[in-house]
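Each remark here refers to the structure printed beneath this line.
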There are 2 protein chains.
Amino acid sequence: MCTTEDKIINASIVLFSKKGYTAVTTKEIAKEAGVSQMTLFRHFESKHNLFERSLDKFVFSPKSKALFESLEWDLEKDLNKICSSYQDVLYKNQKIILMHLKNEELNPHFEAVLYKFPNEFKKLLSNYFEEMRNRGAIIENPETLAVNFLTTSFGLFFTSLVMNKLTFDTDIQTCISNYIKIFTKCISLL
Amino acid sequence: MCTTEDKIINASIVLFSKKGYTAVTTKEIAKEAGVSQMTLFRHFESKHNLFERSLDKFVFSPKSKALFESLEWDLEKDLNKICSSYQDVLYKNQKIILMHLKNEELNPHFEAVLYKFPNEFKKLLSNYFEEMRNRGAIIENPETLAVNFLTTSFGLFFTSLVMNKLTFDTDIQTCISNYIKIFTKCISLL
DNA sequence: CCATCATGTTAGTTCTTACTAACATCATCT
DNA sequence: AGATGATGTTAGTAAGAACTAACATGATGG
């Protein structure tokens, strides 16, 4: 299957994101990974080092350039693509995001990574809306639209993540497509 | 000013929400409160007890009934009112929300409180949209609209809370009014 | 002025946790 | 078969945290 280091890193991601750095013990991580505590220290020297290595391994970055090039200048289709991609990035980094939220001392390197996504997507979307405005498809301010769109996407993602489906019975996929349908109609009509 | 117990509870709210339960020490809380550690224990017996009492004291509940009765059946005005009220509840409970996010073992009593707001507002808004649909002001599904509206509100709130204004230069108030303007035009046109 | 009460101080107990050292085991490669 | 290397085991250290006990201080109120 996978190496000892991988097993340990995987276990630590699971636990750190569930409980936060301080609340997790190395003993616990070792047990979750199915190795002895000693093995953990032999591979990673310290708990903090393990934490850093976990981060490095698990930050997932999107290929926004490829995404942008695949757009077809059809509002609903494109927004669906962009939103899916954004949700995907958020989803793939959810453990990292949770870890971030649960830790007091924030790793600067890590913060930068975390803020990269929203900003990248904002630039991408602003450009897209700008172009769409030039084509006469919409008339609203591109940046306003972009921020609105991304914040809602983030809200949807985060609601489902934090509330763990306890709030609102509508599932997230339905929410997203509803949202995009309305948003599209809306901005092309304005 | 305020009693010793208040000072301690205030300090603990600040610290628990910043770092999470495990990562905060009673020594730290005492220092932040400007009292001795002994005084803390004399008043609250244990760290966990202090935590529970902090929760009890700081959960702020909205008066949604009064809110609903104050509505004027003017879409933009009403949505602004509802959104402000929602943001206000979220804002006033932000420390609690952060505390919740940072703690592994979730207090069930507390969880219930946390999920109450979104659900309460969802019911309120659904009813509102339902009535607006009956009046012919909108045609979309009330529940869909409600979920959309609340998720975006939550997204806005949470973005500004977590990202701490590092993402997106647009400030949250502008975002909100932009959003409501667009949303209003949108659903009354559809 | 004296009793009371809240607080501070200091020292200490117990427990947990990060982390280490030394030795044991066991599979793999030569 | 024997050497090597990765892992387990056990015991232990050092630091920090929750929490306690005993005594000191200092303000308040009758």
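The structure presented is a predicted model; accordingly, all values stated were derived computationally and were not measured. Side-chain atoms are counted along with the backbone in the values below, which use heavy atoms only and exclude waters and symmetry mates. Every chain is numbered from 1, with letters handed out A, B, ... down the list of sequences.
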**Q.** Residue pairs passing the salt bridge (Lys or Arg N to Asp or Glu O under 4.0 Å) test where at least one lies in residues 62-72 of chain A, sequence neighbours excluded
**A.** A/E72-A/K77, A/E72-A/K81

**Q.** Rounded (10°) bend between the five-pair end axes of the helix from C/dC1-D/dG30 to C/dT30-D/dA1
**A.** 10°

Q. When all nucleic acid strands are considered with a 4.0 Å heavy-atom cut-off, which category describes B/T39: base, sugar-phosphate, or nothing?
A. sugar-phosphate

Q) Tell me, which of residues 25-34 of chain B have any heavy atom that sits under 4.0 Å from an atom in DNA chain D? A) B/T25, B/T26

(Q) Could you work out, with side-chain contact (heavy atoms from CB on, under 4.5 Å) as the rule, every residue matching A/E45, not counting sequence neighbours? (A) A/N49

Taking distance alone, no hydrogens or angles, what donor-acceptor pairs closer than 3.5 Å link side-chain atoms of residues 129-139 of chain A to residues at least two apart or in another chain?
{"residue": "A/E131", "atom": "OE2", "partner": "A/R135", "partner atom": "NE", "Å": "2.9"}

Q: With sequence neighbours excluded, tell me which residues meet side-chain hydrogen bond (donor to acceptor under 3.5 Å, both in side chains) with B/N127.
A: none

Q.
Going by side-chain hydrogen bond (donor to acceptor under 3.5 Å, both in side chains), name the residues that satisfy it together with A/T144, two or more places apart in sequence or in a different chain.
A. A/N141

Q: For A/K92, check side-chain contact (heavy atoms from CB on, under 4.5 Å) against everything at least two apart and list the hits.
A: A/F60, A/D88

Q.
Between A/H43 and D/dT7, is there a contact of a side-chain N or O with OP1 or OP2 at under 4.0 Å?
A. yes

Q: Applying side-chain contact (heavy atoms from CB on, under 4.5 Å), name anything that partners A/F41, two or more places apart in sequence or on another chain.
A: A/T26, A/Q37

Q. Where does the angle between the aromatic ring planes of A/F157 and A/F154 fall among parallel (under 30°), tilted (30 to 60°) and perpendicular (over 60°)?
A. tilted

Q: Scan for salt bridge (Lys or Arg N to Asp or Glu O under 4.0 Å) pairs involving residues 31-42 of chain B, sequence neighbours excluded, and state none if there are none.
A: none

Q: Please list, in 5' to 3' order, the outermost nucleotides of DNA chain C lying under 4.0 Å from any heavy atom of chain A.
A: C/dT17 to C/dA21

**Q.** Counterpart residues, side-chain hydrogen bond (donor to acceptor under 3.5 Å, both in side chains), relative to B/S153 (two or more places apart)
**A.** none

